[in-house]
Student: 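Sharing a structure below in structure tokens format, with a few things to ask.
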Amino acid sequence: MKPLDRFLKEHRELTRRYFLRLGGAGMGLAVSAGRVRGNEISPELAGAIAALEPYLTAQDEFRDVSRGKPLPHKLPDEKKSEVGMTRDTWKLEVISDPDHPADIRKPMTRNAGTALGFSDLMQLAKKHAVRFPKVMTCLNIGCPLGMGVWEGVPLREIFWLTQPRADLRRVFYHGYHNDDPEQLFQSSLPMDRVLEDPFGLPPVILCYKLNGEWLTSERGGPVRMVVPEAYGFKSVKWLQQIVLTNLFHANDTYANGNNDVDSAMKTWAATLSIPRKVKPQQPIPVTGYAQVGISGLKKVQVWMEAKDQPATETGRYYATAPWVDAEILPPPKRGAGQWKGMDDSMGMIGFNEGEPKEWPLQLTRVHWAALLPGLPAGRYTFRCRTIDQQDHAQPMPRPFRKSGHASIEQVSVTVEA
Ligand SMILES: Nc1nc2c(c(=O)[nH]1)N[C@H]1C(S)=C(S)[C@@H](COP(=O)(O)O)O[C@H]1N2
Ligand SMILES: [Mo]
């Protein structure tokens with residue numbers, strides 16, 4: 001099927017189920033927004049939902065923020081082969097840190113011919129491979145880069161091959177950067193996070209597939225790290241070396257940009273479509289997405305503030321404003337082709353027989369929609385926020401943007417005849 005046809009088919013499906021759900025249950029959006037009678041949904045809202053981006057982002061439609069001069073994924077094929085950036089030539093070294101040695105019996109090196117090759121990784125994959133959906137978000141960019149199903153082998157399976165003995169507190173890792181120390185992009189994790197998966201998180205993986213296809217060079221192929229709950233900078237692309245260390249703290253390249261390198265993905269919402277100008281008393285369709293961060297997502301809420309009657313509350317978080325619930329859109333159906341990367345031979349973490357066990361899924365992006373009642377002429381500010389699984393409004397008053405998204409999005413809307 002051509003991409004456009006597939007896109008349209010997926011969205012007809014999504015829209016149809018959205019209507020069924022609202023019609024069948026007789027509640028949801030129409031009631032929670034409060035002022036729209038019965039189950040009538042405006043054609044405008046149906047249109048806005050149908051126009052939403054697909055649930056999973058195609059590999060080549062992810063936004064790319066890779067560093068490097070030249071960009072490693074733009075190197076000619078011969079060069080990629082030469083430096084181990086193809087599946088045939090890829091080698092992963094796992095060594096002890098010379099400055100803060102970890103005691104391991106079997107380092108894996110190119111020189112000794114013991115580095116891990118792609119076929120070794122595929123052997124491990126037969127037994128240990130996992131898949132999970134995750135949104136990739138850059139700590140420094142306002143919106144997610146893409147949402148995918150990532151497949152890989154838990155990093156701990158490679159770790160065990162080194163026969164670790166003692167003095168191991170952290171793991172450092174970096175990718176190919178033109179063999180130029182100035183360009184090095186490295187990140188790190190506590191050993192503990194590699195060995196165990198707290199609170200039902202998926203494991204840290206050496207990832208080789210995205211949405212059921214080999215990881216492309218642009219996405220970090222042949223193999224990248226994927227750290228489920230972390231912002232993108234922990235998911236190092238073109239992975240080449242892992243250094244096991246007894247040093248106890250981070251050495252992430254991203255720390256140099258004043259980033260909080262221990263911060264996990266945050267929960268928050270943003271709009272995708274909202275009319276900037278509407279006629280008086282005409283209902284206003286709004287759609288958006290929410291990132292389900294480490295604190296989970298219970299609700300998306302919206303609020304329209306009249307500019308001539310501003311909220312009495314000062315401050316940027318509007319805790320006492322009259323927020324109303326938007327509708328979180330349901331999961332896409334497997335049959336609609338949206339769960340690419342799923343097949344029956346291997347399940348996904350958080351899924352049962354191809355269906356998500358809970359919704360929304362942790363660490364993903366979901367879509368939402370709301371139909372706001374018509375308003376008298378005037379100027380307004382629209383805002384959206386989230387309520388996390390612990391009933392905290394998010395973003396919470398977190399002063400530091402470099403820990404993750406920290407402000408409530410606002411959009412101006414004018415109502416005039
Ligand atoms: N080797 C390498 N890995 C990297 C980067 C990089 O510059 N070099 N950028 C990181 C950052 S900051 C982000 S946000 C993600 C982006 O992943 P994507 O390009 O697949 O969207 O990759 C991470 N991995
Ligand atoms: Mo990033």
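We're numbering straight along the sequence, starting at 1. Read the numbers this way: they start at 1 and go in the same order the structure lists the ligands and their atoms.
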Student: Above 12 or not: heavy atoms from other molecules or residues under 6.0 Å from NZ of Lys307?
Tutor: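 For Lys307, atom NZ is crowded (more than 12 foreign heavy atoms under 6.0 Å).
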Student: Looking only at the side chains, is there a donor atom on one of Asp88 and Thr86 sitting less than 3.5 Å from an acceptor on the other?
Tutor: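 Thr86 and Asp88 do not have a side-chain donor-acceptor pair below 3.5 Å.
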Student: Taking the six-membered ring where the residue is Trp, are the ring centres of Tyr208 and Trp150 under 6.0 Å apart?
Tutor: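 No, ring centres 6.0 Å or more apart.
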Student: Applying the salt bridge (charged side-chain N to carboxylate O under 4.0 Å, His left out) test to Lys298, which of Asp388, Asp391, Asp325 qualifies?
Tutor: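 With Lys298 as partner, salt bridge (charged side-chain N to carboxylate O under 4.0 Å, His left out) holds for just one option, Asp391.
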Student: Determine the sole option in Glu305, Gln301, Glu409 for which the side-chain hydrogen bond (donor to acceptor under 3.5 Å, both in side chains) test with Arg383 is passed.
Tutor: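 When Glu305, Gln301, Glu409 are each tested with Arg383, the side-chain hydrogen bond (donor to acceptor under 3.5 Å, both in side chains) holds only for Glu305.
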Student: Quick test of your reading of the structure: of Glu218, Arg219, Arg63, Arg224, whose heavy atom lies closest to atom 17 (O) of ligand 1?
Tutor: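 Comparing heavy atoms across Glu218, Arg219, Arg63, Arg224, the nearest one to atom 17 (O) of ligand 1 lies in Arg224.
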Student: Looking at Ser66, which atoms of ligand 1 are within less than 4.0 Å of one of its heavy atoms?
Tutor: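 Those qualifying, in numeric order: 7 (O).
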Student: Using a 4.0 Å cutoff against the non-hydrogen atoms of Leu145, which atoms of ligand 1 qualify?
Tutor: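 Selected atoms, number and element: 14 (S), 16 (C), 21 (O).
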Student: Just so I know, are the side chains of Leu215 and Val223 near enough to count as touching, which here means a heavy-atom distance under 4.5 Å?
Tutor: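 No; the side chains remain at least 4.5 Å from each other.
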Student: Identify, by atom number and element, the atoms of ligand 1 in contact range of His177, meaning under 4.0 Å from any of its heavy atoms.
Tutor: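 Selected atoms, number and element: 1 (N), 2 (C), 8 (N).
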Student: Can you confirm whether more than 12 heavy atoms, excluding those of Arg379, are under 6.0 Å from its CZ atom?
Tutor: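 No, because the 6.0 Å sphere around CZ of Arg379 holds 12 heavy atoms or fewer from other groups.
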Student: Please classify the His174 to ligand 1 contact at 4.0 Å (heavy-atom distances, strictly less than): side chain, backbone, both or neither.
Tutor: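 The answer is neither.
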Student: Is there a donor-acceptor contact under 3.5 Å linking the side chains of Lys237 and Ser66?
Tutor: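 Side chains of Lys237 and Ser66: pair found under 3.5 Å.
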Student: Mark up the atoms of ligand 1 that fall under 4.0 Å of a heavy atom belonging to Tyr254, in ascending order.
Tutor: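 Once the distances to Tyr254 are compared, the set is 12 (S).
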Student: Please could you name the atoms of ligand 1 that Cys138 approaches to less than 4.0 Å, counting only its heavy atoms?
Tutor: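 With Cys138 as reference, the close atoms of ligand 1 come out as 14 (S).
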Student: For atom 12 (S) of ligand 1, what's the nearest protein heavy-atom neighbour? Residue, atom name and distance, please.
Tutor: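 Ranked first by proximity to atom 12 (S) of ligand 1 is Arg67 NH2, 2.9 Å.
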Student: Give me the nearest non-hydrogen protein atom to atom 3 (N) of ligand 1 as residue plus atom name, then the distance to 0.1 Å.
Tutor: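 Ranked first by proximity to atom 3 (N) of ligand 1 is Lys237 N, 2.9 Å.
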Student: If you have a sec, work out which protein heavy atom is nearest atom 24 (N) of ligand 1 and how many Å separate them, to one decimal?
Tutor: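 Result: Ser235 O, 3.0 Å.
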Student: Considering only protein heavy atoms, which is closest to atom 23 (C) of ligand 1, and at what distance to one decimal place?
Tutor: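 Protein heavy atom at minimum distance: Gly232 O, 3.3 Å.
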Student: Suppose I only count heavy atoms of Trp238 and a 4.0 Å limit; which atoms of ligand 1 are within that range?
Tutor: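 Taking each heavy atom of Trp238 in turn, ligand 1 has 1 (N), 2 (C), 8 (N) under 4.0 Å.
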